[in-house]
Amino acid sequence: MDNLVKFIAASGAASRRQSEELIRKGKVTVNGALMLNPAYRVSPDDVVCLEGKKLSAAEKLWYILLHKPAGFVCSSADRHAEKLAVGLLKEIPARLVSAGRLDKDSEGAIIFSNDGNFINILAHPRYGVLKRYIVHTAGEISEKNLRRMENGIADQGELLKAEAVRRIGEKCYEFILNEGKKREIRRLTAVCGAPTRRLIRVQIGLVALGELPCGSFRELTADEVNSFMEAGR
């Protein structure tokens, strides 16, 4: 028997972290009664509903890499967004959740799944899944500022930090990030006097964007999925 958080995540309705929030906000019932205990052990006979909709274990687990175009929003909870990234995956017969975010103005690799445990591994910084970005800026960044980015720069009460950053061309840089705070790269380059003009995420863990066309998607291979599962272990 799984606890309630794991059950909701396994249904594909939300990630583990989101599932716990939904429970605490009173969105979940078990056998018709409000359930606020995330650790509740779900039995085979229990009927679990999220906002009135019955949940069940996903029949097929999907692991999808999308090349997100700029202008698309990753969060399906943004009711004001005209273009949702998940809308590009309409032919997949499952409710998919993104593993982390890629801001509206950025493009590149983002992974979707209906496997809540898998989403948790990709999204949580403790599992050390690194992401690689190609960043074009409005100006050159000095070596001193590149090292500052690796050591950490305070901005708006947060410590922003790249695992590694290097110049690869004229006003063009490669960034490696682990956690990826909100608009972290854009904030780092702005602090260093070279605002970001274009940002492309080209790799997540061992999964590379490669030649996947913008707006297209593909399923992850078994080896790619297993590489993330090993990180989770």
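Remember, predicted model here, so these are calculated numbers, not experimental data.
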Can you tell me how far apart OH (Y127) and CG (L122) are? Round to the nearest 0.5 Å. 11.0 Å

Examine L130 and I134 and state if one hydrophobic cluster contains both, with Ile, Leu, Val, Met, Phe, Trp and Tyr joined whenever side-chain heavy atoms are less than 4.5 Å apart. no

Between R148 and N145, is the side chain to side chain donor-acceptor pair (under 3.5 Å) condition met? List the steps. CA-CA 5 Å; R148 284 180 65 206; N145 278 330; 2.8 Å; yes

Are R17 and E21 ion-paired here, with the side-chain N under 4.0 Å from a carboxylate O? no

Are the side chains of I153 and L188 in touch, meaning some heavy atoms are under 4.5 Å apart? yes

Side chains of E224 and I111, heavy atoms from C-beta outward: is any pair under 4.5 Å? no

Does any N or O in the side chain of N3 come within less than 3.5 Å of the main-chain N or O of V5, such that one atom is a donor and the other an acceptor? yes

Gap separating the NZ atom of K27 from the NZ atom of K25, nearest 0.5 angstrom: 7.5 Å

If we ignore hydrogens and angles and just use 3.5 Å, is the side chain of Y133 paired with the main-chain N or O of I185 as donor and acceptor? no

Test: E184 and K131 ion pair at under 4.0 Å: no

Is a salt bridge present between K182 and E158, judged by a nitrogen-to-oxygen distance below 4.0 Å? no

Interatomic spacing from CG in L88 to CG in L96 - rounded to 0.5 Å: 11.5 Å

Looking only at atom types and distance, does a side-chain atom of S113 sit under 3.5 Å from a main-chain N or O of W62, one as donor and one as acceptor? yes

Would you say that F112 contacts I92 through its side chain, given a criterion of any heavy-atom pair below 4.5 Å between the two side chains? no

Between N31 (side chain only) and V47 (backbone N and O only), is there a donor and an acceptor less than 3.5 Å apart? yes

One thing to verify: whether R186 and D103 come together as a salt bridge, which I'm taking to mean a side-chain N less than 4.0 angstrom from a carboxylate O. yes

Is any side-chain heavy atom of V129 less than 4.5 Å from a side-chain heavy atom of I204? yes

Would V48 and L4 count as a side chain to side chain contact (heavy atoms under 4.5 Å, CB included) here? Give the steps. CA-CA 9 Å; V48 179; L4 189 55; 3.9 Å; yes

I'd like to know if the side chain of R218 and the backbone of L212 have a donor-acceptor N/O pair within less than 3.5 Å. no

With a 4.5 Å heavy-atom cut-off, do E219 and I64 have their side chains touching? yes

Sub-4.5 Å side-chain heavy-atom contact between R41 and S43: no

CD1 (I176) with more than 12 external heavy atoms under 6.0 Å: yes

Flag the pair R198 and E107 as a salt bridge only when some basic side-chain nitrogen lies within less than 4.0 angstrom of an acidic carboxylate oxygen. yes

Could you check M229 against D115 for side chain to side chain contact (heavy atoms under 4.5 Å, CB included), going step by step and ending with a plain yes or no? CA-CA 11 Å; M229 294 304 191; D115 181 343; 3.7 Å; yes

Would I110 end up clustered with I119 when hydrophobic side chains under 4.5 Å apart are linked, directly or stepwise? no

Using the rule given for side chain to side chain contact (heavy atoms under 4.5 Å, CB included), can you reason through D46 versus Y40, listing the C-alpha separation, both sets of side-chain angles and the distance that settles it, and then say yes or no? CA-CA 11 Å; D46 283 335; Y40 174 84; 2.8 Å; yes

Does Y173 belong to the same Ile/Leu/Val/Met/Phe/Trp/Tyr cluster as V191, with side-chain heavy atoms less than 4.5 Å apart forming each link? yes

Check whether any side-chain heavy atom of D105 sits under 4.5 Å from a side-chain heavy atom of L199, and report yes or no. no

Is there a path of hydrophobic side-chain contacts, each under 4.5 Å between heavy atoms, that joins L102 and V97? no

Please confirm whether the backbone N or O of A109 pairs with a side-chain atom of R201, one donor and one acceptor, at under 3.5 Å? yes

When you measure from the side chain of S98 to the backbone N and O of R101, does any donor-acceptor pair fall under 3.5 Å? no

Determine the minimum heavy-atom distance between A194 and G139, stating which atoms define it. CB-O, 3.4 Å

Quick one: do E179 and K161 make a salt bridge, cutoff under 4.0 Å? no

I would like to know whether V165 and E150 meet side chain to side chain contact (heavy atoms under 4.5 Å, CB included); could you show each step before the answer? CA-CA 7 Å; V165 55; E150 293 178 336; 3.7 Å; yes

Are F7 and L50 joined in one hydrophobic group, where the rule is that I, L, V, M, F, W and Y side chains link up if heavy atoms are under 4.5 Å apart? yes

Measure the spacing between NZ of K104 and CG of L84 and express it to the nearest 0.5 Å. 10.5 Å

Can any side-chain N or O of E140 pair as donor or acceptor with the backbone N or O of K171 at less than 3.5 Å? yes

